[in-house]
Peer 1: 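Have a look at this one.
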Amino acid sequence: MQIGPLIAVAVIGIVAGWLASFIVGGGGLIKYLIWGVLGSVVGGLLLPAVGININTGTPLLDTILVATIGAVVLVFGARIIS
């Protein structure tokens with residue numbers, strides 16, 4: 001197993017979670033990582049299902065935006081449930 005992809009997922013997750021925290025508030029490094037990584041999965045499933053295609057021309061930026069949107073959806077969902 002290669003460590004590079006895992007580090008990339010962690011960094012993208014932290015950045016996406018950090019950006020989501022500006023939109024919905026709260027968090028710490030671990031929360032950023034968790035919300036960002038889970039958000040990338042949710043965003044990757046949710047956006048195509050509703051017909052949204054993010055294409056900025058930069059794949060890394062696209063990935064971060066999708067993960068951030070997914071993280072925001074997750075945080076809002078968690079707040080509604082609790």
Peer 1: Please list every donor-acceptor pair under 3.5 Å in which a side-chain atom of residues 56-68 meets a protein atom from a residue at least two apart or in another chain.
Peer 2:
{"from": "Thr56", "atom 1": "OG1", "to": "Thr58", "atom 2": "N", "distance (Å)": "3.3"}
{"from": "Thr56", "atom 1": "OG1", "to": "Thr58", "atom 2": "O", "distance (Å)": "3.4"}
{"from": "Thr56", "atom 1": "OG1", "to": "Asp62", "atom 2": "OD1", "distance (Å)": "2.6"}
{"from": "Asp62", "atom 1": "OD1", "to": "Thr56", "atom 2": "N", "distance (Å)": "2.9"}
{"from": "Thr63", "atom 1": "OG1", "to": "Pro59", "atom 2": "O", "distance (Å)": "2.9"}
{"from": "Thr68", "atom 1": "OG1", "to": "Ile64", "atom 2": "O", "distance (Å)": "2.7"}

Peer 1: Just how far is it from atom CD1 of Ile34 to atom CG of Leu74, taken to the nearest 0.5 Å?
Peer 2: 11.5 Å
Peer 1: Does one hydrophobic cluster hold both Val24 and Trp18, with members joined at side-chain heavy-atom distances below 4.5 Å?
Peer 2: no
Peer 1: Sequence neighbours left out, what pairs pass side chain to side chain donor-acceptor pair (under 3.5 Å) with at least one residue falling in residues 30-51?
Peer 2: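 Sorted result for residues 30-51: empty, none.
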Peer 1: What about Ile30 and Val37, same hydrophobic cluster or not, with Ile/Leu/Val/Met/Phe/Trp/Tyr joined at side-chain heavy-atom distances under 4.5 Å?
Peer 2: no
Peer 1: If you group Ile, Leu, Val, Met, Phe, Trp and Tyr by side-chain heavy-atom gaps below 4.5 Å, do Leu45 and Leu47 land in one group?
Peer 2: no
Peer 1: According to a hydrophobic-cluster definition based on side-chain heavy atoms being under 4.5 Å apart (Ile, Leu, Val, Met, Phe, Trp, Tyr only), do Val42 and Phe76 belong together?
Peer 2: yes
Peer 1: Does a side-chain heavy-atom distance below 4.5 Å link Ile54 with Ile69?
Peer 2: yes
Peer 1: With hydrophobic residues grouped by side-chain heavy-atom distances under 4.5 Å, do Val11 and Leu6 end up in a single group?
Peer 2: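 Yes: a chain of side-chain contacts under 4.5 Å links Val11 to Leu6.
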Peer 1: Which atom names give the shortest non-hydrogen contact between Ala16 and Gly36, and what distance separates them?
Peer 2: CB-CA, 4.2 Å
